[in-house]
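Only one structure is covered here, and it is reproduced in the block below.
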There are 2 protein chains.
Amino acid sequence: MKNKRETIQKTIILEKTRRLANHPTAEEIYRAVRADFPRVSMGTVYRNLNRLAGEGKIKKIEIPNAADRFDHQTHFHHHLKCEECGGVYDVEMKTGDSVLESVINRDDFVIKSYQIIFYGACQKCHKKHKEDI
Amino acid sequence: MKNKRETIQKTIILEKTRRLANHPTAEEIYRAVRADFPRVSMGTVYRNLNRLAGEGKIKKIEIPNAADRFDHQTHFHHHLKCEECGGVYDVEMKTGDSVLESVINRDDFVIKSYQIIFYGACQKCHKKHKEDI
DNA sequence: GTATTTGCAAACAATTTGCAGATAT
DNA sequence: ATATCTGCAAATTGTTTGCAAATAC
């Protein structure tokens, strides 16, 4: 896998990932791609998403115990996973990040990146839950 | 599933999780339990680990694209996932956490908890990689 | 006594992979 | 021309679940 060729599939997968509103899953991208190119397979979608992420053209957001998301955005941000509906939302942070400086045992490894996953409830689910009571 | 009974399985699963050095996977706990009780099944291990986590007796650490870990530790800390070997290591942070205060759009959801996952290389893998060059 | 829990095997979800044929360069 | 990429289906990994039998209370 040397990732050398610009195939139609790769092009359209990038385009759809960019067009889809917010951190779509591979499945969502797959459906969008198939709307135009019905013979594209899931394997191809995954292969290309990983290639594109490797090239830095998109960002892969790994969500524990849920499908990975692929993000067209470039700026650094984090995510909230709604424990009720499983939805993933952007979490914006103030600049002047002190997370890396707060690590105590930094000699134990080389840190290349990090992501914060918040757990909780999105507005919709929280509201619904309140109504239940 | 009302989680009412203290079964032998539940007891030993908690004990093994506590005894095993550091954030073992369900698989590792399963093996440890089977050493003493060979008929315990994987399903029982998962069910009880989730129950114990629900009761707050252990902590479930969700690792993206890898087996979840179960932690006997109680104090708040984070984790590094080594991108080479897949190992998971504790990351200790200075107290006086400012992560929650740094969230800008906090009105959009209710945040109950969070975890930071660092990506990088552990000492062993980093050293090995250097030798390759 | 009876509701909960177990063991087993089968189901599940997300992702990866082997391979023969197709395609970009 | 040929190495890379695709489509397909099957494999993999981690976890959950349905069900009849076992067990804690």
Side-chain angles (χ1 to χ4, degrees), chain A residues 1-14 16-17 23-31 33-55 57-58 60-71 81 83 85-88 117, chain B residues 1-14 16-17 23-31 33-55 57-71 79 81 83 85-88 117:
Chain A
M1 222 170 270
K2 291 269 192 80
N3 196 19
K4 295 179 159 175
R5 294 184 184 171
E6 282 312 312
T7 63
I8 306 158
Q9 290 87 337
K10 189 176 173 190
T11 307
I12 193 176
I13 286 165
L14 174 57
K16 292 294 185 187
T17 305
H23 28 64
T25 61
E27 174 72 31
E28 287 163 341
I29 295 161
Y30 172 70
R31 282 206 298 271
V33 170
R34 299 255 309 187
D36 297 357
F37 290 71
R39 345 205 72 237
V40 171
S41 74
M42 200 71 219
T44 299
V45 171
Y46 272 108
R47 273 184 291 235
N48 278 302
L49 287 173
N50 286 328
R51 279 169 201 157
L52 290 163
E55 292 170 23
K57 293 194 182 132
I58 60 177
K60 181 180 191 168
I61 313 161
E62 302 190 309
I63 307 290
N65 298 327
D68 289 341
R69 311 294 184 122
F70 296 88
D71 209 321
K81 182 180 168 190
E83 291 171 318
C85 69
V88 174
I117 299 177
Chain B
M1 223 171 271
K2 291 266 191 79
N3 197 19
K4 295 177 159 179
R5 295 183 184 172
E6 284 310 314
T7 63
I8 305 159
Q9 289 87 338
K10 190 176 173 192
T11 308
I12 193 174
I13 286 165
L14 174 56
K16 291 297 185 185
T17 305
H23 28 64
T25 61
E27 174 71 30
E28 286 163 341
I29 295 161
Y30 172 69
R31 281 206 298 270
V33 170
R34 300 257 306 189
D36 296 358
F37 291 71
R39 346 203 72 236
V40 170
S41 75
M42 200 72 218
T44 299
V45 171
Y46 272 108
R47 273 185 291 235
N48 278 301
L49 288 172
N50 286 328
R51 279 169 201 157
L52 290 164
E55 292 169 22
K57 294 198 183 128
I58 60 176
K59 208 176 151 211
K60 181 180 190 167
I61 314 160
E62 303 191 309
I63 307 290
N65 299 327
D68 289 341
R69 310 295 183 123
F70 296 88
D71 209 321
H79 296 87
K81 182 179 168 190
E83 290 172 319
C85 69
V88 173
I117 298 175

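Quick note on labels: first sequence line is chain A, next is B, and so on, each numbered from 1.
Counting to the nearest Å, the C1' atom of D:dA9 and the CZ atom of A:R47 are 12 Å from each other. Per the geometry, CE belonging to B:M42 stands 16 Å off C1' belonging to C:dA11, to the nearest Å. Rounding to whole angstrom units, CG of residue B:N65 and C1' of C:dT16 are separated by 11 Å. Taking atom CZ of residue A:R34 and atom C1' of nucleotide D:dT6, one finds them 13 Å apart after rounding to whole Å. Counting to the nearest Å, the C1' atom of C:dA14 and the CD atom of A:E28 are 14 Å from each other. Atom CD1 of A:I13 is separated from atom C1' of D:dG7 by 12 Å (rounded to the nearest Å). Regarding B:F37, its CZ atom lies at a distance of 15 Å from the C1' atom of D:dA22, rounded to whole Å. Taking atom NZ of residue B:K10 and atom P of nucleotide C:dT6, one finds them 9 Å apart after rounding to whole Å.
The A:Y46 side chain lies nearest to C:dT15 when the options are D:dA24, C:dT15, D:dC8. Comparing D:dT15, C:dT5, D:dA24 by their closest approach to the side chain of B:I8 singles out D:dA24. Candidate nucleotides C:dT6, D:dG7, C:dT15 were compared by shortest atom distance to the side chain of A:V40, and D:dG7 ranks first. Considering only the side chain of B:N48, C:dT6 comes nearest among C:dA14, C:dT6, D:dT4. The A:S41 side chain lies nearest to D:dG7 when the options are D:dG7, C:dG7, C:dT6. Closest to the side chain of A:K4, from the set D:dA24, C:dA14, D:dT4, is D:dT4. Of the candidate nucleotides C:dA14, D:dG7, D:dT16, D:dT16 has the atom nearest to the side chain of B:K60.
Between B:R51 and the phosphate of C:dT6, there is a side-chain N or O to OP1/OP2 separation shorter than 4.0 Å. Contact check, B:T7 against D:dA24: no side-chain N or O comes under 4.0 Å of OP1 or OP2. For the OP1/OP2 pair of D:dT16 and a distance below 4.0 Å, the side-chain nitrogens and oxygens of B:N50 include at least one atom meeting the criterion. Residue A:R39 places none of its side-chain N or O atoms closer than 4.0 Å to OP1 or OP2 of D:dC5.
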Step by step, work out the side chain to side chain contact (heavy atoms under 4.5 Å, CB included) result for A:N65 and A:K81.
CA-CA 10 Å; A:N65 298 327; A:K81 182 180 168 190; 4.1 Å; yes
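Note on B:E6: only backbone sugar-phosphate atoms sit closer than 4.0 angstrom, heavy atoms only; bases stay farther off. When heavy atoms are screened at a 4.0 angstrom cut-off, B:R5 is found touching base atoms of the nucleic acid. When heavy atoms are screened at a 4.0 angstrom cut-off, B:Q9 is found touching the sugar-phosphate backbone but no base atom.
Residue B:R5 comes nearest to B:K10 through the heavy atom pair O-CD, 4.0 Å, listed as atom of the first residue, atom of the second, then distance. Listed here is the closest heavy atom pair of A:A26 and A:V45: O-CG1, 3.9 Å. When all heavy atoms of B:A67 and B:T25 are compared, the pair lying nearest together is CB-CG2, 3.9 Å.
Remark: B:R31 engages B:E27 in a salt bridge, criterion side-chain N to carboxylate O under 4.0 Å.
The side chain to side chain contact (heavy atoms under 4.5 Å, CB included) test applied to A:A53 returns A:I58, A:K60, not counting sequence neighbours.
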